[in-house]
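See structure below.
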Number of protein chains: 2
Amino acid sequence: MKNKLNRLNAIRLIIANERIGSQDELLKRLYAQGFDLTQATLSRDLKQLKVAKTTAVDGSYVYILPSNPLYKRITKGKAVREQQVRNGFVSISFSANIAVIKTRPGYAGGVAYDIDEHELPSVLATVAGDDTILLVIKEGCSHEEVLAHLSPIIPGMEM
Amino acid sequence: MKNKLNRLNAIRLIIANERIGSQDELLKRLYAQGFDLTQATLSRDLKQLKVAKTTAVDGSYVYILPSNPLYKRITKGKAVREQQVRNGFVSISFSANIAVIKTRPGYAGGVAYDIDEHELPSVLATVAGDDTILLVIKEGCSHEEVLAHLSPIIPGMEM
DNA sequence: AAAGTTTATTTATAGATATGCAAAAATGTA
DNA sequence: TACATTTTTGCATATCTATAAATAAACTTT
């Protein structure tokens, strides 16, 4: 419950659902959830997540998730290029043989479809609501395996 | 050539076409174009334009324009101009103090938002339907003024 | 044109964020 | 396990950004 992946997910969730205007503010929210870190680390996390700071309609500053263009690095032979992908992925967390994937509102169906389409060896099935996907993990497969299989499908997830 | 509107347009153009990573950097570019201002003013300009600072694919920080309008630089011979990449704009016509802007189906709201966002001195308000925007022109402003103010926001309009 | 009002700008500084470096933790390898 | 390598983190601080207060400039109104 205290690793980096969980923390990054928590950051995404907080930013997706609240108006956060500074790192110190976000730091307090994270602390309230049991995460213990410094502003320096948070700065690096936000950089990794490509979170942006902009101005809200009311004139205050807010952090926003990189909903729009997300880039994926594609290596084919020695050539490296970047491909823009669109997707509503927000976070993923696990509980036993179930993974809960949160997406931006309305995106769950689309993301679940992408996952199903690939017939991953670690995924038994998915059920999608509006912003949540329940993913049933196949018997004997680890969470790491699931992450490894999902990351190429859901860019921005590999962290 | 030294008023605020021109400066804001210059800022948009620079940010749209170069990788600017800090206000001081942007300040230098503006200075090179003959704009004389301080970092404090620039900070307020960026706030007004709702420019965001985020992390680029290469890990550096960059300023980006509010997601909606996307600009690109078009070079034809020696002439360089900017054009909005994806835009629903179709046509504009005038009747007294009203401008009627037609867009592609579904784009009216987005385009109207872009217009509102800039708080143009010649625009009193906009109302958007699905493919039509009614724009109320401020008392005493000419159609040419409105066009002049809109064109940087809706490139391709002059063509 | 003078007086009042709003908007824009600068200066100075407070506040927020990024980062070099060293240490610690995690991961890989023999 | 011991050792090497990579990743993560905190500390301290440099860098960057926002804003209060004062002033100037641009408009309005009388």
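Residue numbering restarts at 1 for every chain, and letters A, B, ... go by the order of the sequence lines. No hydrogens, no waters, no symmetry mates; every other heavy atom, side chains included, goes into these values.
Taking the side chain to side chain contact (heavy atoms under 4.5 Å, CB included) definition, one finds that R29(A) meets it with I14(A), E18(A), I20(A), A32(A), Q33(A), sequence neighbours left out. Under the rule for a side chain to side chain donor-acceptor pair (under 3.5 Å), the partners of S122(A) that lie at least two apart in sequence or sit in another chain are H149(A). For L8(B), the side chain to side chain contact (heavy atoms under 4.5 Å, CB included) criterion is met by K4(B), I11(B), D45(B), Q48(B), L49(B), not counting sequence neighbours. Residues meeting the side chain to side chain donor-acceptor pair (under 3.5 Å) test with Q39(B), sequence neighbours left out: Q23(B). Annotation: side chain to side chain contact (heavy atoms under 4.5 Å, CB included) contacts of K47(A) (sequence neighbours excluded): T55(B), Y61(B).
Atoms CG (L8(B)) and C1' (dA8(C)) sit 11 Å apart, rounded to a whole Å. L27(A) places its CG atom 11 Å from the P atom of dT17(C), with the value rounded to the nearest Å. The distance between atom CD of Q48(A) and atom C1' of dT9(D), rounded to the nearest whole Å, is 13 Å. What separates CG of L37(B) from C1' of dA8(C) is a distance of 11 Å, to the nearest Å. Atom-to-atom, CD of E25(A) to C1' of dG15(C) comes out at 14 Å; the value is rounded to the nearest Å. If you measure from atom CG of N6(A) to atom P of dA26(C), you get 14 Å, rounded to the nearest angstrom.
Taken over five-pair windows at either terminus, the axes of the helix from dA1(C)-dT30(D) to dA30(C)-dT1(D) are inclined to one another by 40° (rounded to 10 degrees).
One N or O on the side chain of K50(A) and one on the backbone of A56(B) form a donor-acceptor pair closer than 3.5 Å. Although no hydrogens or angles enter the test, the distance criterion places a donor-acceptor pair under 3.5 Å between the side chain of E25(A) and the main chain of G21(A).
For the pair L26(A) and Y63(A), the minimum side-chain heavy-atom distance is 4.5 Å or more.
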> Once each nucleotide of nucleotides 13-26 of chain D is scored for protein heavy atoms under 4.0 Å, what B/S/- sequence comes out, 5' to 3'?
Replying inline: ---SBBBBB-----

